[in-house]
Structures are given as structure tokens and as C-alpha cells.
Number of protein chains: 2
Amino acid sequence: MDYKEIYTFLNGDLKKIEDELERALQAETPVLKEASLHYLRAGGKRIRPIFVLLAAKFGDYDFEKVKPVAVSLELIHMASLIHDDVIDNADLRRGRPTIKAKWGNRIAMYTGDFILARSLELITEIEDAEFHRILADTLVDLSIGEIEQIRDKYNFDQNLRTYLRRIKRKTALLIAVSCLLGAKVARADEYCQRKLYRYGYFSGMAFQITDDILDFTSTKEKLGKPAGEDLIQGNITLPVLFALRDQSLNREIRKVNGKADPEAFQEIVERIKAAGAVEEAQKVAELYVRKALQALDDLPDNETKPLLREMVLFIGNRKF
Amino acid sequence: MDYKEIYTFLNGDLKKIEDELERALQAETPVLKEASLHYLRAGGKRIRPIFVLLAAKFGDYDFEKVKPVAVSLELIHMASLIHDDVIDNADLRRGRPTIKAKWGNRIAMYTGDFILARSLELITEIEDAEFHRILADTLVDLSIGEIEQIRDKYNFDQNLRTYLRRIKRKTALLIAVSCLLGAKVARADEYCQRKLYRYGYFSGMAFQITDDILDFTSTKEKLGKPAGEDLIQGNITLPVLFALRDQSLNREIRKVNGKADPEAFQEIVERIKAAGAVEEAQKVAELYVRKALQALDDLPDNETKPLLREMVLFIGNRKF
């Protein structure tokens with residue numbers, strides 16, 4: 001994706017979102033402020049705010065109104081990542097130590113709670129209770145998705161449907177809601193709202209599948225965390241599901257656990273890749289990209305559409 | 001407190017709240033449902049819903065409107081207790097194993113997230129965005145209070161102000177907000193709302209101080225957890241703050257840590273009690289009870305006032 005183009009198009013608004021994120025995480029308590037800002041400054045693609053802003057361009061775009069929505073959604077995402085790192089026992093994210101690694105599980109848990117609460121505080125700048133209802137529903141799904149991820153760990157007998165439902169809850173719904181609320185806050189018409197929601201949902205599915213593929217194909221340097229980490233942690237992602245269809249590979253994969261020998265594990269990763277499992281997963285991601293593009297086609301033509309097209313193409317093919 | 005009297009007065013509404021709490025915690029994922037209901041069924045005094053209902057009697061009481069507020073506030077309290085047990089490494093609450101003890105920290109963290117999300121979902125039945133704003137602000141304070149509790153652990157040099165600010169955030173604000181939102185949902189006038197908020201705030205302060213006293217004076221059987229547990233965990237409560245003023249006791253208390261020898265620790269607990277620290281803390285609790293009663297005096301007379309009076313007297317003198 002050409003971030004520069006999007007930056008230019010959004011005319012400094014993304015920079016203002018960044019400032020606002022920083023302002024939202026100010027806290028008197030030093031450890032809380034440090035832990036929150038540590039995470040914020042590690043960067044991130046900020047795709048949720050970008051989706052909010054671009055979707056809002058389909059209505060009456062007023063940055064001051066869109067801002068709390070964009071910031072709120074990024075904060076919800078951050079809070080869920082922080083709790084995620086506690087669950088996954090992850091020490092690195094975006095190449096930096098996680099809050100959990102630096103300050104421990106307890107601080108990580110409450111920093112997540114704090115950031116979530118801040119995001120709820122921000123969204124209440126919007127008077128319309130429908131926004132709060134949509135967000136609350138999304139948070140319920142998000143937490144169920146997280147619990148399902150724990151439940152499904154090292155369960156090598158789960159099927160494709162279980163995986164898809166989990167990533168829907170864990171990732172796709174929040175991206176769909178970013179598009180929906182962006183459209184809503186700008187009072188785009190119902191038709192646009194529905195199409196943008198669909199676009200966001202399919203983009204979100206493609207995003208998570210690509211994320212799961214990158215865990216296999218990328219390098220520690222690019223990921224900011226070790227490759228194959230998902231499988232070691234017992235998270236059964238789409239490439240693994242496809243690889244499990246190979247009988248002999250199936251037996252090997254089932255032996256993987258948190259204490260896997262690094263060299264033997266690396267061999268399994270190579271075999272999963274050689275079995276074509278990554279390509280099959282890639283095809284599913286492409287399917288979702290196509291569905292997102294279809295939803296986009298139905299939207300009225302404007303100068304924002306090409307950027308949303310670029311976003312989802314980037315998402316389906318990103319290398320980091 | 002005469003619960004029977006309150007039950008009679010509320011005419012079955014508390015029972016309906018209980019049913020609604022159970023309904024709110026239904027989840028497809030078995031572990032999530034089990035963990036949530038495990039907590040719910042362990043019981044509790046449900047003082048937040050009681051405050052909501054009683055405060056609503058100062059306006060136009062409509063149970064169907066008050067219900068989501070009452071349920072939501074109890075769920076927020078439950079979610080915070082569950083995260084609290086992770087922090088305090090607590091194995092028992094209300095005489096039953098904690099979620100953390102039974103299912104581990106990770107499940108406990110997400111069960112807390114789930115219950116919080118459910119509570120937000122419920123409150124969105126109220127169309128007025130002010131409700132969501134008040135709740136979100138309270139959640140920010142709650143999480144800051146929790147972080148402060150971690151920060152202040154084993155800090156024997158903290159002062160009374162630090163303690164009071166912490167319990168305000170951790171406990172009193174949520175009880176104040178229970179009264180406020182109960183009054184608001186029933187459209188009680190502004191004056192009543194303000195007085196009920198004050199009443200709730202002072203009652204909440206008294207409640208937490210009494211809780212901290214009971215940790216010393218009660219028994220494992222009544223508490224459902226070991227006595228003196230707060231101090232062992234490094235939580236410096238009001239009786240400890242008063243005991244620290246005694247030079248020789250000060251030296252002994254500073255030696256306490258998580259690995260304290262049970263017999264030696266028991267002796268310290270006895271010395272804290274003998275030093276009159278509990279009585280001094282009790283006086284502070286009584287001060288807050290008096291302030292709550294003053295706020296109550298300013299409210300118009302009705303059949304609910306005597307019950308609110310009883311509530312705060314119970315809170316200041318409760319034995320469990």
C-alpha cells in the first residue's frame with residue numbers, strides 16, 4: 001500500500017490521530033503512562049483509523065467528529081493486543097518487548113483495561129447511543145473470540161469453520177465496525193453503510209489470514225517476533241489446517257508443543273510450506289479480497305474508492 | 001441490614017435482577033459460561049443493584065428501565081473482582097475457588113473482559129449517551145485505582161491521602177455512580193441526583209474501609225478467604241497505616257512479605273489489633289457513615305429513605 005498517497009489524501013488527519021492517541025494515554029500514574037505509551041510508540045499500521053477516515057469520506061466528512069471514533073477503535077485494538085500478549089506469553093511485538101515482558105502480566109492486564117476504558121470514554125463524545133451499542137456488541141464478540149482461541153489451542157481436530165468463526169470475532173468484526181462507524185459518523189446513507197461494513201468484514205478476514213500466513217513465510221526481523229510462533233503457541237491457523245490434511249505431516253504437527261526443539265520445529269515449518277499449505281491459505285485470503293472488492297464496486301464512485309481498493313489489495317498481499 | 005425488609009420493599013425486583021444476571025452470562029463457549037456462572041452463583045451482597053433500585057425510587061420508578069442499569073453495575077463489579085483475583089493471586093473468594101485458581105490467569109482475564117463487555121452491552125439499552133459517559137469515566141478511574149494498588153504494594157511509606165484516593169477509585173465511585181444512575185434513569189431531579197451521588201460516595205468509602213477492617217477482625221470462615229490476606233499481599237490498608245505509627249510495630253510490619261511465616265504473621269496481626277489500629281480505622285469509617293447520613297437528610301422524605309439509612313448503617317458495622 002502506498003501510505004504516502006493515503007497520508008496526502010487524508011491531509012494531515014492521520015498525524016492528528018497519532019497526537020490524539022498519545023493524548024488519550026496520558027495518565028498520572030507513571031507506570032500506566034509508560035506502559036501505554038511504550039505500546040503506542042512501537043508503531044503499527046493504524047489500519048482501523050485509516051478505515052474509519054476513508055469510510056467517513058462517503059458521507060459528510062468532518063474530522064472533529066470522526067476523530068474520537070478513529071482513536072477509540074485503535075485503542076480497542078491496542079487493548080486487545082495487550083491482553084493477547086498475556087495469553088500468548090509473547091515477549092516481543094513489533095520488535096520490542098511486550099508490556100507483559102517488561103512489566104509483568106498484572107500490569108499488562110490493567111494497562112489493557114485502562115486503554116479500553118479510555119476508548120469507551122472517547123466514543124462517548126458521540127451522543128448517538130447506537131455507536132455505543134455497536135461497540136459493546138463488538139467487544140462481546142472480541143472477548144468470546146479470545147476465549148475460543150484459548151479453548152482451541154493445540155486442538156488439531158478443529159475444522160475450517162471453527163477457524164473462520166474465530167478470526168471473524170477476533171479480527172474481522174472490529175475492522176468491519178471501523179468502516180461502519182466511520183460511515184455512520186459522517187451520516188453516509190444506509191446503503192453505503194451496509195456496503196462499507198461488508199467491505200470491512202471481508203478485508204478483515206483477508207487481513208487475519210494473511211497475518212497467519214506471514215507467521216510462516218516472514219522472518220523474525222520483519223515480524224518483530226519469531227517465525228512459526230503461532231503454531232508453537234498452539235494457535236492452529238489456516239496454513240496448519242491445510243497441512244494437517246497430509247497424513248504424515250499430520251502426525252508430525254500433532255507432536256508440536258510449547259517446548260518444541262527449535263531445529264525439529266523449523267523442519268516442520270519447512271514441510272508445511274513445501275506441502276503447498278501456504279498457497280492454499282493464500283487462495284482463501286484472495287477469495288475474501290475479491291469479496292471485499294465486490295462490495296466496493298457497489299459503492300458510488302468517488303476519489304476515496306481507489307484508496308479503499310488499494311487498502312484491501314495491500315492487505316491481501318502484504319509482506320509485513 | 002435487614003435484607004428481608006429490602007426484599008419485601010423491592011417486591012421481587014431483586015430476584016428478577018438475579019435472573020437477569022444469569023441470563024446476561026449465558027455464552028455458547030462452555031468454559032466462558034461455566035466460569036462466569038461459577039462466580040455469579042458464589043453469591044455476593046448485590047449492594048450495587050440494591051443502591052440502583054433504591055435510588056430510582058426517588059424518581060419515577062419503572063423496573064424495566066432500571067433493570068439494565070442495576071445488572072450492568074453488578075457485572076462491572078464482578079468483572080473487576082475477577083481481574084482483582086488475578087492481581088492478588090487469590091485462590092478463594094466467598095469460600096469458593098476463584099476463576100483464576102480453577103481455570104488459570106488467562107481464562108480469568110478474558111472472563112473478566114467478557115463480563116465487562118456484557119455489562120456495556122446491557123447499558124446501551126439506555127439511549128441517553130450521558131449514561132455511557134459516566135460509566136466510561138468510572139471505568140477509567142477503576143483501572144487507575146487497580147494500577148495504583150499494584151504500584152502501592154508493600155509501600156509502607158504511603159500516606160492516608162494515597163489510601164483514600166485509591167479506595168475512592170477502586171470502590172467508592174462505582175457505588176456513587178450506582179446511586180446516581182439509578183436516580184437518573186428514574187428522572188429524579190438534579191438535586192436528588194447530586195445528594196444520592198454524595199450518599200453513595202460516602203457509603204462506598206465506609207464500605208471499603210469496613211472491608212479492610214474485616215480482613216483483620218473476621219475469620220476465614222466468615223470471609224471465605226484467610227484473615228490478614230490483604231497485608232500478606234502487600235495491600236496497605238487503613239488499620240495498617242495506623243499501626244505503622246507505632247515505632248516498634250512499624251519495624252515488624254515492614255518485614256511482612258508474601259512468604260511470611262504463618263505463626264509470626266499471626267502475631268503481627270494480633271499486635272496491630274492490640275495497638276488500637278482497628279478502632280482508629282473504625283472511627284474513619286464512622287465519619288463517612290455520618291457524612292452519608294447527612295447527604296440523606298437533605299433528601300425529601302419518602303418510604304425509601306429509612307432503607308438507605310439502614311444500608312449505610314449496615315455497611316459501617318457489618319460483620320461479613
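Chain A is the first sequence line, chain B the second, and so forth, proteins listed ahead of strands; every chain is numbered from 1.
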Peer 1: Starting at OH of B:Y110, measure out to OG1 of B:T29 and round the result to the nearest 0.5 Å.
Peer 2: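 Answer rounded to 0.5 Å: 13.5 Å.
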Peer 1: Report which part of B:R133 has an atom under 4.5 Å of a heavy atom belonging to chain A: side chain, backbone, both, or neither.
Peer 2: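 Contact with chain A is through both the backbone and side chain of B:R133.
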Peer 1: Relative to chain A, which segment of B:T111 carries a heavy atom at a distance below 4.5 Å: side chain, backbone, both, or neither?
Peer 2: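 It is both, since atoms from each part get that close.
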Peer 1: Under 4.5 Å, counting heavy-atom pairs only, tell me which of A:S80, A:G104, A:G112, A:A136 racks up the most with chain B.
Peer 2: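 Among the listed options, the one with the most contacts to chain B is A:A136.
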Peer 1: Looking only at heavy atoms and a cut-off of under 4.5 Å, which of A:L120, A:T138, A:I147 has the most pairs with chain B?
Peer 2: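 Option with the greatest count: A:I147.
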Peer 1: Just so I know, are the side chains of B:L116 and B:L75 near enough to count as touching, which here means a heavy-atom distance under 4.5 Å?
Peer 2: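 Sidechains of B:L75 and B:L116: no contact.
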Peer 1: What is the minimum heavy-atom distance between A:D137 and B:E121, and which atoms define it?
Peer 2: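 Closest approach of A:D137 to B:E121: OD1-OE2, 2.6 Å.
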Peer 1: Which bit of B:I107 comes within less than 4.5 Å of chain A, counting heavy atoms only: side chain, backbone, both or neither?
Peer 2: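 Both parts, backbone and side chain.
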Peer 1: Which distance, rounded to the nearest 0.5 Å, do you find between the CG of A:D212 and the CZ of A:F207?
Peer 2: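 With rounding to 0.5 Å, CG (A:D212) is 10.0 Å from CZ (A:F207).
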Peer 1: Give the member of B:V31, B:I126, B:I144, B:I123 that has the highest number of heavy-atom pairs under 4.5 Å with chain A.
Peer 2: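 It is B:I144.
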Peer 1: Which distance, rounded to the nearest 0.5 Å, do you find between the CG of A:L181 and the OG of A:S72?
Peer 2: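 Nearest 0.5 Å value for the CG-OG distance: 8.5 Å.
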